[in-house]
Amino acid sequence: MKVVVAIDSFKGCLTSVEANMAAAEGVRRACPEAEIVQVPVSDGGEGFLEAFHAAIGGESVSVTVRDPLMRPVTAKYLLQGETAVIEIAQASGLPLLTKEERNPLVATSYGTGQLVADAVRRGARHIIVGLGGSATSDAGIGMLRALIDAFAKHGTWDDIDALKEVRFTLASDVRNPLCGEHGAAHVFAPQKGATPEMVTILDERARKFAAISAKHFGHDCSMMEGAGAAGGLGYAFLEYLNAVSKSGIQLLLDTIHFPELVRNASLLITGEGSADRQTLMGKLPMGILSQAQGIPTVLIAGRISDKDQLQKAGFAQVECINPAGLPIEEAMRKETALRNVSLTCQRLPQLSNFNYPTG
């Protein structure tokens, strides 16, 4: 029996690798003879570097950059030949700030620009950018400023030659535009500490920046799908660097040739921290399900709602790893989550009912 395990991180609790290992342990207990294939996955946010490192190898590069409040911080990116993989949360992520420090009016994406600059200096000609978990809502202005500081001969964007031969691929499942009621400020900035008054200021600031940029370049990417990702970083990459935007999970699955990995599998196990109707809007488990090729696919999660809708979408089984009544503080403990992922997979009926062929 071949079982493929491809579980997203449980945010604030387990990485994708940890969740996969716990699931594999449970499968092994139920079916000691099973062939288990573990696939670290991410849709562009937490765990993106880890997933791509497992997929393509390469060197983990550490560099000192500026965090969202312009303090020095050590961030990492992946370099494999002429391809670099950057997870913007390494330099511009919300986890770098305390709750009291969150303020998207002042938070800057400057450090992400420094990561891009370092990768280009080391020979990267294709940069894959995971847009997820940002603390910023600056429309990428900070990132662009860092690139000007790094490469501009006379201090303006038009002076930069170093980026002309570099292509950018954005990994994100956010489809929001830059501005408006569905834009970066209105939808995402409150999660980053913005008050209603701040949201209005941020949206107007982004709108003005987009108008100036459109006049300069003769095209406007502010309404493109994904322009609002990562507080507008998506917009800056699209408008200024001619980036191409792709589904984060689709990009990863294509890179690792997922259809080949699941060939001849009897069961596929995927999951995420919280599963509900938003899962159906293109989140990672749906990306896995879309390439399951008819293989029974089980979805596990730390919290589940809208279970009937999830099952109607095609999941063979939808299981919450946590027993009813378990306090959230206990459920979020790593040791508890590892144990519950393992036990949930061990008890899957698809494993207990599997009959190995006899000679």
Side-chain angles (χ1 to χ4, degrees), residues 1-43 45-55 57 249 252-253 256 258 260-275 279 283-285 287-289 291-292 295-304 307 310 315-357:
M1 182 183 195
K2 179 178 177 180
V3 179
V4 177
V5 181
I7 303 172
D8 197 0
S9 62
F10 285 31
K11 290 184 179 179
C13 186
L14 299 178
T15 67
S16 174
V17 169
E18 289 168 339
N20 282 353
M21 290 180 64
E25 179 185 6
V27 171
R28 197 169 289 113
R29 287 177 177 172
C31 290
E33 299 177 40
E35 174 192 354
I36 305 171
V37 179
Q38 298 181 50
V39 185
V41 288
S42 168
D43 58 8
E46 185 179 359
F48 190 66
L49 283 184
E50 195 173 44
F52 262 89
H53 195 206
I249 184 56
L252 177 63
L253 296 182
I256 63 177
F258 191 72
E260 296 177 20
L261 290 178
V262 300
R263 186 175 294 133
N264 301 320
S266 301
L267 183 65
L268 180 54
I269 302 174
T270 188
E272 59 183 343
S274 179
T279 299
K283 291 179 70 177
L284 189 145
I288 298 292
L289 181 63
Q291 294 201 24
I295 299 164
T297 303
V298 173
L299 171 63
I300 66 171
R303 185 187 70 84
I304 290 175
K307 185 173 182 178
L310 292 168
F315 291 105
Q317 192 171 343
V318 179
E319 288 291 331
C320 181
I321 66 168
N322 294 312
L326 184 69
I328 183 65
E329 296 80 9
E330 178 63 21
M332 289 292 290
R333 290 183 62 242
K334 178 173 289 191
E335 295 78 8
T336 301
L338 288 170
R339 181 177 65 251
N340 288 341
V341 167
S342 182
L343 287 172
T344 299
C345 292
Q346 183 179 346
R347 295 167 181 162
L348 290 176
Q350 291 88 345
L351 299 176
S352 59
N353 295 336
F354 186 78
N355 293 316
Y356 282 96

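For the numbers below, each heavy atom of this structure counts, side chains included, while hydrogens, waters and symmetry mates do not.
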Is the shortest side-chain heavy-atom distance between [X] and [Y] below 4.5 Å?
X	Y	result
Ile269	Cys345	yes
Leu261	Val4	no
Glu330	Arg333	yes
Met1	Glu33	no
Val262	Gln291	no
Ile288	Leu253	yes

Determine whether a donor-acceptor pair (N or O, by modelled atom type, separation under 3.5 Å) exists between the side chain of [X] and the backbone of [Y].
X	Y	answer
Lys283	Asp43	no
Asn322	Gly302	yes
Ser342	Leu338	no

When rounded to the nearest 0.5 angstrom, what is the spacing between [atom1] in [X] and [atom2] in [Y]?
X	Y	atom1	atom2	value
Glu46	Cys13	CD	SG	10.0 Å
Ile295	Asn264	CD1	CG	8.0 Å
Ile321	Leu14	CD1	CG	7.0 Å
Met21	Arg28	CE	CZ	9.0 Å
Leu348	Gln317	CG	CD	5.5 Å

Hits for side chain to side chain contact (heavy atoms under 4.5 Å, CB included) against Thr297, two or more places apart or cross-chain, chain-then-number order -> Leu268, Thr270, Leu289, Ala292, Phe315
Return the minimal non-hydrogen interatomic distance between [X] and [Y], and the atom names on each side.
X	Y	answer
Ser42	Ala51	N-CB, 4.0 Å
Leu284	Ala6	CD2-O, 4.4 Å
Leu267	Pro296	CD1-O, 3.5 Å
Val318	Lys307	O-CE, 3.0 Å
Val27	Ala34	CG1-CB, 4.3 Å
Gly287	Ile249	CA-CG2, 4.0 Å

task = Assess whether atom NZ of Lys11 is packed by more than 12 heavy atoms of other residues, nucleotides or ligands within 6.0 Å.
result =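 Not more than 12 within 6.0 Å, no.
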- Sidechain N-carboxylate O distance under 4.0 Å for Glu25, Arg29: yes
**Study point:** Side-chain H-bond candidate by donor/acceptor type, Glu50 with Ser16, under 3.5 Å
**Key:** no
Between Leu299 and the options Leu310, Ile7, Ile304, the side chain to side chain contact (heavy atoms under 4.5 Å, CB included) test singles out Leu310
